[in-house]
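As the structure is a prediction and not an experimental result, all values here were calculated from the model. Note that these values count all heavy atoms, side chains included, but never hydrogens, waters or copies made by symmetry.
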Amino acid sequence: MQAIFETAFDIVYLISVVTLGILMLRGSKGRKQYALFGAMAVVLGCGDAFHLVPRAIALCTTGLQDYTAALGIGKLITSVTMTAFYVLLYYVWRCRYQVEGKKQLDVTVWMLALLRVVLCLMPQNRWTSPDAPLIWGIWRNIPFTLLGLLVVVLFYRSAKEKQDAPFRLLWLTIVISFACYLPVVLLADKFPLVGMLMIPKTCAYVWTVLIGYNAMRKDN
């Protein structure tokens, strides 16, 4: 039952976000914010596929224990593409609210993103091992969480200040995604049921993409 439900859910998710991303890239009509949003959705879907596709194959065949290396490499790729997702979202914020200057903010975003990627690439993560160390899962998610928090604050303040109705809840989608993701990082190995939080996390990301897509349709 888990294999059927989870596989079907992941297929719908991947097809949905990649399709919405392509539609936004095609429908952006030279508007940079929507082109960035579309690229962000495609990066999200394609990056997650590196982990979700091997997971679906494992669940439908001999089990997760026989796909440890493939799942680990998929997690690594997903970790890097999720970092790119938030960098792109930051530039969506700059474009949508026509933010000029603030070079220190650019530096902060890029430093957090690069630190996250470097930590993900460290061999101590032991991505392909069945007993990857929790401490490295914590280390690599510190800059990632700070990056997400920064994007939350920026969108919350700007949407409120500009009375931007289409984007008024985008900050909340990010909060929900992290609220579901961090317990999985910390507790899923000891309490497997915590992994179920990845479902609302995934839904939160679909909501994020839909916010951009619906805003583009309204502008069109």
Side-chain angles (χ1 to χ4, degrees), residues 1-21 40-61 63-86 89 116 119-120 125-145 147-149 151-152 169-211:
M1 182 62 71
Q2 177 190 359
I4 296 173
F5 172 78
E6 189 172 328
T7 300
F9 179 83
D10 290 342
I11 289 172
V12 171
Y13 159 65
L14 292 174
I15 292 175
S16 297
V17 293
V18 172
T19 300
L20 288 171
M40 188 180 80
V42 172
V43 167
L44 173 67
C46 292
D48 281 357
F50 280 94
H51 173 62
L52 295 179
V53 171
R55 183 176 176 85
I57 294 172
L59 288 172
C60 294
T61 55
L64 298 175
Q65 70 281 352
D66 292 332
Y67 289 81
T68 301
L71 290 169
I73 293 171
K75 285 182 180 179
L76 168 59
I77 295 172
T78 297
S79 296
V80 174
T81 55
M82 282 305 308
T83 307
F85 173 90
Y86 280 101
L89 188 54
R116 156 78 166 177
L119 288 172
C120 286
N125 286 284
R126 293 162 58 189
W127 289 103
T128 58
S129 171
D131 57 343
L134 174 61
I135 187 62
W136 276 90
I138 295 172
W139 283 123
R140 66 178 179 261
N141 278 295
I142 290 175
F144 183 58
T145 303
L147 178 60
L149 179 61
V151 173
V152 164
L169 294 179
L170 190 140
W171 66 273
L172 180 59
T173 70
I174 302 171
V175 169
I176 292 172
S177 69
F178 273 95
C180 295
Y181 170 69
L182 293 177
V184 173
V185 171
L186 297 172
L187 303 172
D189 286 343
K190 290 187 177 180
F191 307 100
L193 281 178
V194 174
M196 294 293 290
L197 287 173
M198 295 302 282
I199 294 175
K201 167 191 170 288
T202 300
C203 293
Y205 279 122
V206 175
W207 186 9
T208 303
V209 174
L210 281 171
I211 285 175

Q: Not counting sequence neighbours, which residues clear ring-ring contact (aromatic ring centres under 6.0 Å, His included) with Y67? List them please.
A: none
Looking at [atom1] of [X] and [atom2] of [Y], how far apart are the two atoms once the value is rounded to the nearest 0.5 Å?
| X | Y | atom1 | atom2 | result |
| --- | --- | --- | --- | --- |
| I15 | D10 | CD1 | CG | 11.0 Å |
| T208 | L169 | OG1 | CG | 10.5 Å |
| K75 | R55 | NZ | CZ | 7.5 Å |
| L59 | F5 | CG | CZ | 12.0 Å |

Got [X] and [Y] here, is their nearest side-chain heavy-atom distance under 4.5 Å?
| X | Y | answer |
| --- | --- | --- |
| N141 | R116 | yes |
| F144 | V185 | no |
| W207 | P200 | no |
| I199 | E6 | no |
| D66 | T61 | no |

Q: Evaluate the side-chain contact (heavy atoms from CB on, under 4.5 Å) criterion for residues Y13 and L44: first the C-alpha distance (whole Å), next the side-chain angles of each, then the deciding distance (0.1 Å), finally the verdict.
A: CA-CA 10 Å; Y13 159 65; L44 173 67; 3.4 Å; yes
Q: Evaluate side-chain contact (heavy atoms from CB on, under 4.5 Å) for N125 paired with L76, printing each intermediate quantity in order.
A: CA-CA 9 Å; N125 286 284; L76 168 59; over 6 Å; no
(Q) Below 30° counts as parallel, above 60° as perpendicular, anything between as tilted: where do the rings of F178 and Y181 land? (A) perpendicular
Q: For V194, enumerate each residue passing the side chain to side chain contact (heavy atoms under 4.5 Å, CB included) test, keeping only those at least two apart in sequence or located in another chain.
A: P183, V184, L187, F191, L197
Which heavy atom of [X] sits nearest a heavy atom of [Y], and at what distance?
| X | Y | answer |
| --- | --- | --- |
| P130 | T68 | N-CG2, 3.6 Å |
| A204 | T173 | CB-O, 3.5 Å |
| S79 | W127 | OG-CH2, 3.6 Å |
| I73 | T128 | CG1-CG2, 3.9 Å |
| F50 | C46 | CD1-O, 3.2 Å |

Q: Determine, step by step, whether H51 and I77 satisfy the side-chain contact (heavy atoms from CB on, under 4.5 Å) criterion, reporting the C-alpha distance in whole Å, the side-chain angles of both residues, the deciding distance to 0.1 Å, and the verdict.
A: CA-CA 8 Å; H51 173 62; I77 295 172; over 6 Å; no
Counting only N and O atoms by type, is there a donor-acceptor contact under 3.5 Å from the side chain of [X] to the main-chain atoms of [Y]?
| X | Y | answer |
| --- | --- | --- |
| S177 | I174 | yes |
| T78 | G47 | yes |
| T7 | I4 | no |

Q. Looking at V18, V12, L14, which one forms a side chain to side chain contact (heavy atoms under 4.5 Å, CB included) with S16?
A. V12
(Q) Around atom CD1 of I135, are there more than 12 heavy atoms from other residues, nucleotides or ligands closer than 6.0 Å? (A) yes
Q: Dump the intermediate steps for side-chain contact (heavy atoms from CB on, under 4.5 Å) on W136 and L119, then the final yes or no.
A: CA-CA 8 Å; W136 276 90; L119 288 172; 3.9 Å; yes
Q. Please walk me through it: do Y205 and D48 pass side-chain hydrogen bond (donor to acceptor under 3.5 Å, both in side chains)?
A. CA-CA 11 Å; Y205 279 122; D48 281 357; over 6 Å; no
